[in-house]
Enquirer: 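Attaching a single structure in structure tokens format; questions to follow.
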Amino acid sequence: MRYWLMKSEPDTFGIDHLKRVKVEPWSGVRNFTARNFMMSMEQSDIVLFYHSSCQEPGIYGLGKVAKLAYPDATQFDTKSPYFDKRAKKDKPLWYNVDVSFVEKWARPVLLTEMRANPKLTTMITLQPGSRLSVTPVTQKEFEEISKYNA
DNA sequence: GCCAACGTTGGC
DNA sequence: GCCAACGTTGGC
């Protein structure tokens, strides 16, 4: 069992959307490092749901990997902003997992709080200039973040 | 809306 | 295979 942080803009798709639909393909990732992380995910890995590009960036709850990585349908969809003409059905370029809703936290763990916590300085997403939308989280980091909602 | 940091693209 | 130009991310 491993832990991952996955970013999403709440205006587009936030934790409340996931709660409503229960399970969602995490499509639209167009970065090779992030894609590779998704392809390495295992069933029931825990997802820390991070809201970015919003008033209060931070982690708002948990999801889990409901389906292992498979070809991202939006790469073949000419009407999608994520369409990629280089991708072929028999040779897909982009993959996504399905993420299912686990819980929304009573209160978010804000980016400012994580930055202020010396035990979380190792988090990839807190490194200067880090923009990856999918990053691994260690068990120690996960446990530290969990304390905020204990 | 600004801008720094970074990944990707494409010409050579 | 290098690297400049470009586009995107995401906090502020």
Side-chain angles (χ1 to χ4, degrees), chain A residues 2-21 24-41 45-65 68-138 140-149:
Chain A
R2 290 180 294 174
Y3 305 93
W4 305 92
L5 182 145
M6 297 175 88
K7 296 182 185 175
S8 185
E9 300 185 14
D11 289 348
T12 308
F13 189 84
I15 187 97
D16 292 323
H17 296 84
L18 184 60
K19 184 176 185 178
R20 203 177 323 123
V21 300
E24 178 78 4
W26 207 269
S27 59
V29 171
R30 294 295 180 266
N31 171 286
F32 289 107
T33 306
R35 181 204 67 176
N36 293 344
F37 280 139
M38 268 205 289
M39 293 178 82
S40 75
M41 289 181 183
D45 277 358
I46 295 293
V47 173
L48 289 79
F49 199 125
Y50 182 93
H51 284 187
S52 64
S53 296
C54 58
Q55 204 116 70
E56 295 196 297
I59 298 166
Y60 281 70
L62 300 179
K64 71 175 172 188
V65 176
L68 298 182
Y70 60 95
D72 179 337
T74 62
Q75 68 192 307
F76 306 119
D77 179 1
T78 53
K79 295 188 295 295
S80 168
Y82 301 116
F83 174 71
D84 190 329
K85 62 177 182 337
R86 300 171 299 174
K88 300 289 169 251
K89 287 271 176 167
D90 59 345
K91 211 178 173 190
L93 206 47
W94 304 110
Y95 289 75
N96 64 259
V97 295
D98 283 356
V99 175
S100 62
F101 178 78
V102 172
E103 62 187 24
K104 182 183 178 180
W105 285 343
R107 70 176 200 81
V109 179
L110 300 177
L111 176 62
T112 52
E113 295 177 305
M114 294 193 283
R115 283 206 191 286
N117 186 335
K119 290 183 181 162
L120 295 177
T121 51
T122 51
M123 288 187 72
I124 294 172
T125 201
L126 299 185
Q127 305 310 309
S130 169
R131 296 177 317 180
L132 266 184
S133 64
V134 179
T135 52
V137 172
T138 67
K140 274 190 175 156
E141 291 161 354
F142 176 78
E143 285 168 3
E144 187 62 26
I145 291 165
S146 299
K147 288 181 187 169
Y148 289 81
N149 275 276

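Letters A, B, ... are given to chains in the order of the sequence lines, protein chains preceding strands, and every chain is numbered from 1.
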Enquirer: Applying ring pair (Phe, Tyr, Trp, His ring centres under 6.0 Å), name anything that partners F49(A), two or more places apart in sequence or on another chain.
Expert: W26(A), H51(A)
Enquirer: F37(A): what forms a ring pair (Phe, Tyr, Trp, His ring centres under 6.0 Å) with it, not counting sequence neighbours?
Expert: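 Checked F37(A) against ring pair (Phe, Tyr, Trp, His ring centres under 6.0 Å); matches are W4(A).
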Enquirer: List in chain and number order the residues that pass ring pair (Phe, Tyr, Trp, His ring centres under 6.0 Å) with F83(A), two or more places apart in sequence or in another chain; answer none if no residue qualifies.
Expert: none
Enquirer: Return all side-chain donor-acceptor pairs below 3.5 angstrom for residues 6-14 of chain A, not counting sequence neighbours, or 'none' if the list is empty.
Expert:
{"from": "K7(A)", "atom 1": "NZ", "to": "L132(A)", "atom 2": "O", "distance (Å)": "3.4"}
{"from": "S8(A)", "atom 1": "OG", "to": "F13(A)", "atom 2": "O", "distance (Å)": "2.5"}

Enquirer: Summarise how protein sits on nucleotides 4-12 of chain C as a single string, 5' to 3': B when a protein heavy atom is under 4.0 Å from the base, S for sugar-phosphate-only contact, - for no contact.
Expert: ---BBBBSS
Enquirer: Partners of K119(A) by side-chain contact (heavy atoms from CB on, under 4.5 Å), sequence neighbours excluded?
Expert: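 By the side-chain contact (heavy atoms from CB on, under 4.5 Å) rule, K119(A) matches N117(A), E144(A), K147(A).
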Enquirer: Suppose we screen for side-chain contact (heavy atoms from CB on, under 4.5 Å). Which residues come up paired with T122(A), at least two apart in sequence or across chains?
Expert: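 Counting only residues at least two positions away or on another chain, T122(A) forms a side-chain contact (heavy atoms from CB on, under 4.5 Å) with E141(A).
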Enquirer: What stems, by residue range, does DNA chain B take part in, given at least 3 consecutive Watson-Crick or G-U pairs under 3.5 Å?
Expert: B:1-12 with C:1-12
Enquirer: Please list all pairs passing the salt bridge (Lys or Arg N to Asp or Glu O under 4.0 Å) test where one or both residues lie in residues 101-118 of chain A, with sequence neighbours left out.
Expert: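 Output for this query lists D16(A)-K104(A), R107(A)-E113(A).
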Enquirer: Suppose the criterion is side-chain hydrogen bond (donor to acceptor under 3.5 Å, both in side chains): which pairs have a residue in residues 90-101 of chain A, not counting sequence neighbours?
Expert: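 Checked against side-chain hydrogen bond (donor to acceptor under 3.5 Å, both in side chains) - neighbours excluded - the pairs reaching residues 90-101 of chain A are Y70(A)-N96(A), Y70(A)-D98(A), D84(A)-W94(A).
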Enquirer: With rounding to the nearest 0.5 angstrom, report the OG1 to NZ distance, T78(A) to K85(A).
Expert: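 Between T78(A) OG1 and K85(A) NZ, I get 13.5 Å after rounding to 0.5 Å.
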Enquirer: For residues 25-39 of chain A, which residues have at least one heavy atom under 4.0 Å from DNA chain B?
Expert: N31(A), F32(A)
Enquirer: Output every pair passing salt bridge (Lys or Arg N to Asp or Glu O under 4.0 Å) with a member in residues 30-40 of chain A, not counting sequence neighbours, ordered by first then second residue.
Expert: R30(A)-D72(A)
